[in-house]
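For reference, the structure is listed below as structure tokens.
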Amino acid sequence: MPVENIEDRINALRKERGAVIFAHNYQRGEVQDIADVVGDSLELARRAREAEAGVIVLCGVHFMAQTAAILNPQKTVLIPDVNAGCPMACMVSAKGLKEFLAEHPEAYVVSYVNTTAEIKAMSDICCTSANALKVVESVPADREIVFLPDRNLGHYITKTTGREMTLWEGFCPTHERILPEFVEAARSAHPEAELCVHPECAPSVVDMADFVGSTSQILRHCAESDRESFIIGTEIGILHTLRKLAPGKEFFPATKLADCPDMKLIALEKIFWALRDMEPRVVVPPEVAERARGALERMVEITG
Ligand code: 13P
Ligand code: SF4
């Protein structure tokens, strides 16, 4: 039978290689549609940890592929575009963190998963936006917490739990494009809609929200809510996921400017090439991976 289109070619290669395709909720619609698993950072990490397939194609950004490689070191992890990085993860270097921690020698280091493997290896525990509250609540009350790199998520955790933390001044450039005035305009245009935002947004935007959560928590909330329309304050790739999950409901972006260029580097052709050539592979040096795994496994132990 002739192989006619890119999806058929990917499907044939996926079978031949014994591969699974994982996609983050911010991926292009066509990439989400071909994936075996679509999820938030936590779900992708958990599924990677349990994956039995020999090859994982991670359609997301570099730290997500590293996390999969760390949690399941026997597997081959491919990222279809090696340039898909996360600017927030690049805002903390090993050297910078070492110098910072010299000023906070007793601190307990909580790292958002949006960090490199080297930073995870220097951390006591990791968290994602889905479990950050639980992770921070698990830290003994008498310990100083250094939270990095996302100051906005850190601010949200402190506001919600009352737990003071020393924050790294990192941020997501895509979420910081969601300005309060854009949200106001969307609310005036859709006064009946519920406002759902990601905690990577600036505090001024989070304070306006009816619901705050990780990408998959936003998805579940919108699907289960009695409301019929929603303004979404996070990266716009999630609108595809939402419209598929709840086709009868209406979803409006807080701003179309919230479009992460790194997430959008992944395309069907690149998935095909990755499966054909079995590269680019994401390999974490074993000594770094071992220490980083400790911080990730502690997160999984606490939050399931
Ligand atoms: P979550 O899917 O965990 O909410 O992550 C958001 C994000 O910005 C990932 O880069
Ligand atoms: Fe990084 Fe923000 Fe893009 Fe997520 S949306 S990958 S946090 S820049």
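We're numbering straight along the sequence, starting at 1. Atoms within a ligand are numbered from 1 in the order they appear, just like the ligands themselves.
Inspection of the Ser216 and Asn25 side chains reveals an N or O donor paired with an N or O acceptor under 3.5 Å. Between the side chains of Tyr26 and Gln32, no donor N or O sits under 3.5 Å from an acceptor N or O. Donor-acceptor pairing under 3.5 Å is recorded for the side chains of Ser111 and Ser123. Side-chain N/O atoms of Glu144 and Thr166 include a donor and acceptor closer than 3.5 Å. Between the side chains of His221 and Glu194, at least one donor-acceptor pair of N or O atoms lies under 3.5 Å.
At a heavy-atom cutoff of 4.0 Å, ligand 1 is contacted by the side chain of His24 but not by its backbone. At a heavy-atom cutoff of 4.0 Å, ligand 1 is contacted by no atom of Val61, backbone or side chain.
Atoms CD and CD1, on Glu7 and Ile10 in that order, are 6.5 Å from each other to the nearest 0.5 Å.
Under a 4.0 Å heavy-atom criterion, Asn25 is not in contact with ligand 1. Using a 4.0 Å cutoff on heavy atoms, Glu235 does not count as a contact of ligand 1. Under the 4.0 angstrom criterion for non-hydrogen atoms, Met64 is in contact with ligand 1.
Within ligand 1, the atoms closer than 4.0 Å to a non-hydrogen atom of Asp40 are 1 (P), 2 (O), 3 (O), numbered from 1 in the order shown. Near Asn114, meaning under 4.0 Å from one of its heavy atoms, ligand 2 places the atoms 7 (S). Close contacts between ligand 1 and Ser214 involve ligand atoms 4 (O) [criterion: under 4.0 Å to a heavy atom]. Near His198, the atoms of ligand 1 lying under 4.0 angstrom from a non-hydrogen atom of the residue are 1 (P), 4 (O), 5 (O), 6 (C). Atoms of ligand 1 lying under 4.0 Å from any heavy atom of Glu200, numbered from 1 in the order shown and given with element: 6 (C), 7 (C), 8 (O). Applying the 4.0 Å criterion to heavy atoms of Met263 picks out, from ligand 1, the atoms 10 (O). Residue contact check: Ser129 has heavy atoms under 4.0 Å from atoms 1 (P), 3 (O), 4 (O) of ligand 1.
With hydrogens left out, the protein atom closest to atom 10 (O) of ligand 1 is Asn114 ND2, 3.5 Å, a heavy atom. Residue, atom and distance of the protein heavy atom nearest to atom 3 (O) of ligand 1 are Ser41 OG, 2.9 Å.
Ile178 is not listed as a side-chain neighbour of His198, based on a closest heavy-atom distance of 4.5 Å or more.
Considering backbone and side-chain atoms alike, Thr215 places an N or O below 3.5 Å from some N or O of ligand 1.
Ring centroid separation for the pair His175 and Phe171 does not come in under the 6.0 Å cut-off. A centroid separation of 6.0 Å or more is found between the aromatic rings of Trp168 and Phe147.
Around atom 3 (Fe) of ligand 2, the protein atoms of type N, O or S that sit closer than 2.8 Å are Cys260 SG.
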Query raised in the report: Yes or no on side-chain contact (heavy atoms from CB on, under 4.5 Å) for Glu279 and Val82, after CA distance, side-chain angles and deciding distance?
Result: CA-CA 9 Å; Glu279 61 179 41; Val82 79; over 6 Å; no
Report task. Kindly determine whether Ser229 and Lys249 satisfy side-chain contact (heavy atoms from CB on, under 4.5 Å), including the steps that lead there. Result -> CA-CA 6 Å; Ser229 61; Lys249 297 187 176 184; over 6 Å; no
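A salt bridge is defined here as a Lys NZ or Arg NE, NH1 or NH2 lying under 4.0 Å from an Asp or Glu carboxylate O, and Glu176 with Arg151 meets this definition. Using a 4.0 Å cut-off between charged nitrogen and carboxylate oxygen, Arg227 and Asp210 do not count as a salt-bridge pair.
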